Amino acid sequence: MDFLEMMRQRKSCRSFDPEKQVSREDLLKIVEAGRLSPSGCNSQPWKFIVIDSAEAKEKLCDAIVVENGATGAPWRHQVSAFIILVEQEAKVMPLVLKHYQDSQRFAPGDIGAACMNMCHEAFTLGLGTCMIGVIDQEKMEKYFGIPHGCEARVVLAVGYAADNSPVKKIRKPLEEVCCFNEWA
């Protein structure tokens with residue numbers, strides 16, 4: 001399958017089979033896809049925390065609930081494993097730091113690229129994923145020992161989809177999002 005076909009078929013999974021567990025071998029392959037991702041100035045501003053024990057998953061499920069019980073993942077208790085992508089201090093070239101006055105300028109995009117590569121690897125392994133952005137940072141620090149100042153940027157849910165039926169992707173037309181040589 002070519003890459004664009006994979007992109008047409010890959011979807012965010014929000015219904016996982018709670019009876020099927022993802023192996024640590026597959027979880028490490030997914031993390032490897034993140035580790036190999038490009039980053040600004042090769043800073044690799046990430047740390048990946050794999051959550052696969054029952055106790056850690058319960059804590060994670062609590063940490064993705066924010067004030068008043070809001071969560072972007074009501075299905076979270078079905079998930080086999082999670083991977084927390086934590087942003088660390090980026091070491092960038094002096095010229096970049098001087099120009100932007102911010103060593104973290106590219107880090108959020110780098111984390112996003114790593115997360116998407118992890119989603120692609122999971123897809124090739126027959127697994128479903130969903131990126132979760134609703135996170136209680138204080139709980140992440142307390143439960144998982146994340147140092148203050150290192151932001152948990154995204155949590156990747158990983159598991160076997162309960163429903164593998166195709167989904168029709170709704171995307172803006174190419175001509176609406178692409179132009180050549182100037183904004184049009």
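Every value quoted in this text rests on a predicted model; they were computed, and no experiment measured them.
- For the atom pair F123 CZ and M7 CE, the distance stands at 10.0 Å (nearest 0.5 Å).
- Summarising the local packing, CD of E25 is surrounded by 12 or fewer heavy atoms from other residues, nucleotides or ligands at distances under 6.0 Å.
- Side-chain atoms of S43 do not come within 3.5 Å of backbone N or O of V92 as any donor-acceptor pair.
- With hydrophobic clusters built from ILVMFWY side chains whose heavy atoms lie under 4.5 angstrom apart, F144 shares a cluster with I64.
- Under the 4.5 Å side-chain heavy-atom criterion for ILVMFWY residues, a single connected hydrophobic cluster contains both I111 and I30.
- Residue I83 holds its CD1 atom at 5.5 Å from CG of L156, rounded to the nearest 0.5 Å.
- For NZ of K172, the number of neighbouring non-hydrogen atoms (other residues, nucleotides, ligands) closer than 6.0 Å is 12 at most.
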I'd like a table of donor-acceptor pairs (distance under 3.5 Å, sequence neighbours excluded) in which one partner is a side-chain atom from residues 126-137, with atom names and distances.
residue	atom	partner	partner atom	Å
T129	OG1	R10	NH2	3.0
D136	OD1	E138	N	3.1
D136	OD1	K139	N	3.0
Q137	OE1	A152	N	2.9
Q137	NE2	E141	OE2	3.1
Q137	NE2	C150	O	3.0

Under the criterion side-chain contact (heavy atoms from CB on, under 4.5 Å), I'd like the reasoning laid out for Y143 against D62: C-alpha separation, chi angles, the key distance, then a yes or no. CA-CA 10 Å; Y143 295 157; D62 182 53; 2.4 Å; yes
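- Looking only at atom types and distance, the side chain of S39 has no donor-acceptor partner in the side chain of Q44 under 3.5 Å away.
- Cluster annotation: V158 is not connected to M140 through the hydrophobic network of ILVMFWY side chains, with a link wherever side-chain heavy atoms come within less than 4.5 Å.
- Between H120 and F3 there is a side-chain heavy-atom pair separated by less than 4.5 Å.
- Separating the CD atom in E87 from the CH2 atom in W46 is a distance of 11.0 Å, to the nearest 0.5 Å.
- L97 CG to Q104 CD: the interatomic distance, rounded to the nearest 0.5 Å, is 10.0 Å.
- Pairs engaging residues 40-55 under the salt bridge (Lys or Arg N to Asp or Glu O under 4.0 Å) rule: R24-D52, E55-K59 [sequence neighbours left out].
- A donor-acceptor distance shorter than 3.5 angstrom exists from the side chain of R76 to the backbone of C61, with no hydrogens or angles considered.
- For the pair T71 (side chain) and P74 (backbone), a donor-acceptor distance under 3.5 Å is absent.
- Checked by atom type and distance alone, the side chain of Q9 never pairs as donor or acceptor with a backbone atom of P166 at under 3.5 Å.
- Note: F16 and W75 have tilted aromatic rings, judged against thresholds of 30 and 60 degrees for the angle between ring planes.
- More than 12 heavy atoms of other shown residues, nucleotides or ligands fall within 6.0 angstrom of atom CE in M6.
- Cluster annotation: L125 and F48 are assigned to the same hydrophobic cluster (Ile/Leu/Val/Met/Phe/Trp/Tyr, side-chain heavy-atom contacts under 4.5 Å, transitive).
- Scored by the salt bridge (Lys or Arg N to Asp or Glu O under 4.0 Å) test, K20 finds no partners at all (sequence neighbours excluded).
- Both V155 and V79 sit in one connected hydrophobic cluster of ILVMFWY residues. Membership requires side-chain heavy atoms under 4.5 Å apart, directly or through other members.
- Without hydrogens or angle criteria, K91 side chain to P45 main chain gives no donor-acceptor distance under 3.5 Å.
- With rounding to the nearest 0.5 Å, the separation of NZ in K11 from CG in N164 is 6.0 Å.
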Start with the C-alpha distance between M118 and V31, add both sets of side-chain angles, then the distance that settles side-chain contact (heavy atoms from CB on, under 4.5 Å), and finish with yes or no. CA-CA 6 Å; M118 294 166 85; V31 170; 4.2 Å; yes
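- Using a cut-off of 4.0 Å between Lys/Arg side-chain N and Asp/Glu carboxylate O, E121 and K29 are scored as not salt-bridged.
- Atom CD in E58 sits 12.0 Å away from atom CD1 in I51 (nearest 0.5 Å).
- When only modelled atom types and interatomic distance are considered, N117 and S37 share a side-chain donor-acceptor pair under 3.5 Å.
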